[in-house]
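Beneath this line is the structure, given in structure tokens, with notes to follow.
Each chain gets a letter, A, B and so on, in the order the sequences are listed, and its residues count up from 1.
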Number of protein chains: 2
Amino acid sequence: MNIGDVSSRSGLPAKTIRYYEDIGLIKPLRSANGYRSFVAADLHRLAFLGRARALGFTIEDCRTLMALYRDESRASADVKLLAQEHLGKIETKIRDLQMMHDTLSELVTSCAGDDRPDCPILSDLSGLGSTIS
Amino acid sequence: MNIGDVSSRSGLPAKTIRYYEDIGLIKPLRSANGYRSFVAADLHRLAFLGRARALGFTIEDCRTLMALYRDESRASADVKLLAQEHLGKIETKIRDLQMMHDTLSELVTSCAGDDRPDCPILSDLSGLGSTIS
DNA sequence: CTTGACCCTCCCCTGACTGGAACCTTCATA
DNA sequence: TATGAAGGTTCCAGTCAGGGGAGGGTCAAG
């Protein structure tokens, strides 16, 4: 398989696949013409990476997860811990975004949105804090 | 005021303040010794920037918001539109994170987390998809 | 006069790619 | 056989919003 094939099969851009080779996540063979030559195992690893990335794991997390996956004598506790830590970060991000959302949403609601200049969004940002609570 | 003063008053790191000058968001004067010399208006702008960034606006959004703030003949509709677009992006991010969270949370729950190697998290990532629904 | 706390500029680093230039290989068609 | 398109290759630079640190100048106090 050439890179185009694995790209369409894995859903990952060719650029990304080359990048993953660069940073040592995959090690495809090379054909005589210099093209990367992927086997089923490479495709499998790429699919693994794609799913892990889609769950928001960092590249370093992915590296660890793949090492654990290949380690037959792993303890599932190690995997779970990694996932739990990641889950915690996601929860933190969601909370942060939710707070931004709530504040901003309130400001947007209170803004007339017409052709006059008066705007509670700008008032808030400027520190006048016209909290119309 | 020197940069240390505005840093502690605005809560922004000195590095960030220098960066904001670099990209033209503020234009503090200079003292004879080459030090940046901030006046109250600079501090006000920095506080504005700090609040806008805390609400997740991009630097370019901040630039636009400050321009609107200084424009006495603005229409609040322009501010509102910008804020609404940003709000939409925040909502998208929250939804994405929430989906990651839900999936990951389910996987974490279903993982024993002991010293045995069997792990539904890895199974899922590997594509075996042992969805224990 | 020295010490320590400031301040300056300049450059590289981050994460996870993405875009583009310049070039090579393969295959189908005229 | 030429040629053009569609693949592939490497390498360099850019993204976003700063952070870290080197190497050096300035200032106030003791």
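At the phosphate of D/dG18, OP1 or OP2 sits under 4.0 Å from a side-chain N or O atom of B/R53. A close approach under 4.0 Å does not occur between any side-chain nitrogen or oxygen of A/R18 and OP1 or OP2 of C/dG19. Considering only side-chain N and O atoms, A/R63 lies nowhere under 4.0 angstrom from the phosphate OP1 or OP2 of C/dG15. Note on B/R30: a side-chain N or O is less than 4.0 Å away from OP1 or OP2 of C/dT9. Listed pair B/R36 / C/dC8 meets the phosphate criterion, a side-chain N or O lying under 4.0 Å from OP1 or OP2. Distances shown here put every side-chain N or O of A/Y20 at or beyond 4.0 Å from the OP1 or OP2 atom of C/dA16.
The CD1-C1' distance, from A/I17 to C/dC17, rounds to 13 Å in whole Å. With rounding to whole Å, A/I3 atom CD1 is found 10 Å from D/dT9 atom C1'. As rounded to whole Å, 12 Å separates atom P of D/dG19 from atom CD1 of B/I23. One can place CG of B/D22 at 11 Å from C1' of C/dC10, the figure rounded to the nearest angstrom. If you measure from atom CG of B/L12 to atom C1' of D/dG19, you get 14 Å, rounded to the nearest angstrom. Spacing between atom CG of B/L25 and atom P of D/dA17 amounts to 10 Å, rounded to whole angstrom units. The interatomic distance linking B/E21 (CD) with C/dC10 (C1') rounds to 15 Å, in whole Å. Counting to the nearest Å, the P atom of C/dC6 and the CZ atom of B/F38 are 16 Å from each other.
Between A/E21 and A/R18 there is no salt bridge, since no side-chain N of the basic residue sits under 4.0 Å from a carboxylate O of the acidic one.
Between A/T16 and B/G4, the residue anchored nearer the 5' end of DNA chain C, judged by the nucleotide with its closest heavy atom, is B/G4.
With hydrogens and angles ignored, the 3.5 Å screen pairs a side-chain donor or acceptor of A/H86 with a backbone N or O of A/L55. Put simply, the side chain of A/H101 never gets that close to the backbone of B/I94: no donor and acceptor are under 3.5 Å apart. Remark: side-chain polar atoms of B/S76 are paired, donor with acceptor, to backbone N or O of A/D114 under 3.5 angstrom. The backbone N or O of A/M99 sits nowhere less than 3.5 Å from a side-chain atom of A/D102 that would complete a donor-acceptor pair.
The side chain of A/P13 sits closest to C/dT18 out of C/dC7, C/dC17, C/dT18. Side-chain proximity of B/Y35 to the nucleotides D/dG25, C/dC17, D/dG8 is greatest for D/dG25. Nearest nucleotide to the side chain of B/K15, out of D/dG19, D/dC27, C/dA16: D/dG19. Candidate nucleotides D/dA17, D/dG20, C/dC7 were compared by shortest atom distance to the side chain of B/T58, and D/dA17 ranks first. Residue A/N33 places its side chain closer to C/dT25 than to any other of C/dA16, C/dT25, D/dT10.
A perpendicular orientation is assigned to the rings of B/H44 and B/Y69, their planes being inclined by more than 60° (bins at 30° and 60°).
Among the atoms of the strands shown, none is found under 4.0 Å from any heavy atom of B/F57.
The base of D/dG19 lies outside donor-acceptor range of the side chain of B/Y19, with no N or O pair under 3.5 Å.
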